[in-house]
Protein chains: 2
Amino acid sequence: MLKEERKQLILNEVRIHNRVLLTDIAELVDVSVDTVRRDIKELHDEKKLKKVHGGAISLGFYHYDVPEKEVYSIEKKSLIAKKAIRLLKNGQVVLFSGGTTNLELAKELPHSLTITCFTPSLAIANQLVKKHNVEVILIGGKLSKDSQIAVGGTAINMLSDMKADLCFMGTNSIDLEHGLTEFDWEIVEMKKAMIKASKKVVAPVISEKIASFQRYKICNIEDIDVLVTELDPADGVLQKFKEMNISLL
Amino acid sequence: MLKEERKQLILNEVRIHNRVLLTDIAELVDVSVDTVRRDIKELHDEKKLKKVHGGAISLGFYHYDVPEKEVYSIEKKSLIAKKAIRLLKNGQVVLFSGGTTNLELAKELPHSLTITCFTPSLAIANQLVKKHNVEVILIGGKLSKDSQIAVGGTAINMLSDMKADLCFMGTNSIDLEHGLTEFDWEIVEMKKAMIKASKKVVAPVISEKIASFQRYKICNIEDIDVLVTELDPADGVLQKFKEMNISLL
DNA sequence: CAATTTATTGCAATATTTTGCAGTTTAACA
DNA sequence: TGTTAAACTGCAAAATATTGCAATAAATTG
């Protein structure tokens, strides 16, 4: 393994977990702790992370402290992303909605994957363009200020002209009875159009969002084909979904 | 095996695996490591990959989290931006092409300004959404990898349905005889459509780009209404433009 | 076409970088 | 304050980089 590669891996680990232990990395890439220590020292000098006793932590984490909850949710999202990526195959056309879980998914897409991605989300497009083998197609329209997602007629029209193999539908609220729901009507319209434009709908969600609902409905639970959570598919919380014939990951 | 063949092979390996080892390539194509090293050095100089100790890694991989690339001659661009902003009035509809000068313009837009901005550029949209009183409308389409601008039929269609008050047309080459020119045909098509979609065309350009031209033509000099440079409007370089009835700023 | 230049490639000598190890020092924590 | 894990130092082996050079192939020129 190249040194630079190792350094990238360390940075990525820090980004996902906010901290790394020298010993973990050493074991992971099978080099001595000394080497990892030197790598981290260099990254520290490059101001890419903060070296601490026993390992390193992310710069952002150190300066303004992220609430504990947030840290763990990044790890959960990363796990969900890794699971969801297993659904992707070369040559597919994929539609990404917005949301932080989908953002993590976009970040962690392997560079070797050759797919075409449609997205109305600025943040996700920013990540996708970094992947050399991913063709990115921006869905245009008025940018909703808070979610940074293109909404409105233009965007929905563009969606009506396409059919994706897969849609990663991020969501804030999912509930057995109420289905997928949102509080912003413009976003609801977009998401409805996205579901219509896809053969298969995948919902990557953190388990804490299960059994919550908002004002406006996007779709029924049955409209979801695959549910990806950070939990084990055998977890009790998910069994009702399984009974409704939704694949779990 | 030809040298260029080898270089293509190396690039391809990097594209797929995100890294190559000198020794692997040397064995694969049966040349000495010295030769491979020289090939990789050239590719590095061409900025096609990043040479590292023991091999090379892909640029995208390396720049995992470096969103902001340093802008060349930022002071001049900032001055141009400040001048160009004087052309804006509340309530206007403005079209932004890509380019670093336009990016600087987007960054420096005052928060008090209430305008509607259309842009096919990811980087510029990123800046514009930060301005609370700016409504941003993303022009969708296939994202060109290097320029990060939406191009193609969808984007051009969207432009054909609109009329902006003003268009900030960034450019790499401007010349009295050849007009505005570009080397990428897809971008040329977009820029043509943008000019057609605007009542008034403003070209913010660094003076060093004056009197240079590329392969493909966007428009004639006369199609430009206002030329904004970092120079004093009385500067000798600009007088020919004044004679052609172009406003200087 | 012959002569000359230029580009490409491999090799050898030397320099530099990377890495792991051992010994010592420093910092964390109960 | 003593114990332990981690950090630092210097060092040597291995891998990689650099440089100059010579042999050969390819292109250019008169």
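Just the heavy atoms: all of them, side chains too, but no hydrogens, waters or symmetry mates, feed the values below. Keep in mind it's a predicted model, so treat the numbers as computed, not measured. Just so it is clear: chains get the letters A, B, ... in the order the sequence lines come, proteins before strands, and each one is counted from 1.
One interatomic measurement links the two molecules: CD of A/Glu42 to C1' of D/dC8, which rounds to 15 Å at whole-angstrom precision. Atoms CG (A/Asp34) and P (D/dA5) sit 16 Å apart, rounded to a whole Å. Residue B/Lys7 contributes atom NZ, which lies 10 Å from atom P of C/dT9 at whole-angstrom precision. Here D/dA6 presents its P atom at 12 Å from CD1 of A/Ile40, a figure rounded to the nearest Å. In this structure, B/Leu2 places its CG atom 11 Å from P of C/dT8, rounding to the nearest Å. Computed from coordinates, the B/Glu27 CD to D/dT16 P distance equals 13 Å when rounded to whole Å.
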(request) List the steps, then state whether side-chain contact (heavy atoms from CB on, under 4.5 Å) holds for B/Gln127 with B/Leu103. (result) CA-CA 7 Å; B/Gln127 293 303 320; B/Leu103 183 63; 3.6 Å; yes
(request) Give the C-alpha distance, both sets of side-chain angles, the deciding distance and a yes or no for side-chain contact (heavy atoms from CB on, under 4.5 Å) between B/Leu105 and B/Thr101. (result) CA-CA 6 Å; B/Leu105 178 42; B/Thr101 310; over 6 Å; no
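Of the side-chain N and O atoms in B/Arg37, none sit less than 4.0 angstrom from OP1 or OP2 of C/dT9. Using a 4.0 Å cut-off, some side-chain N or O of A/Ser32 falls inside it from OP1 or OP2 of C/dG20. A/Lys51 has a side-chain polar atom (N or O) that falls below the 4.0 Å cut-off from OP1 or OP2 of D/dC8.
Exactly one residue among B/Lys192, B/Lys217, B/Arg215, B/Lys191 makes a side chain to side chain donor-acceptor pair (under 3.5 Å) with B/Glu182. That residue is B/Lys191.
In this pair, A/His111 and A/His132 present their aromatic rings perpendicular. The plane angle is above 60°, beyond the 30 to 60° band.
For A/Arg38, the side-chain atoms get nearest to C/dG20 when compared with the rest of D/dT19, C/dG20, D/dA7. Of all nucleotides listed (C/dT8, C/dG10, C/dT18), C/dT8 comes nearest to the side chain of B/Lys3. Taking only side-chain atoms of A/His53, from C-beta outward, the nucleotide of C/dC11, D/dA7, C/dG20 with the closest atom is D/dA7.
Heavy-atom nearest nucleotides on DNA chain C were determined for B/Arg6 and for A/Arg6, and the one closer to the 5' end corresponds to B/Arg6.
Contact annotation for B/Val33: no contact, since no heavy-atom pair falls under 4.0 Å across all strands.
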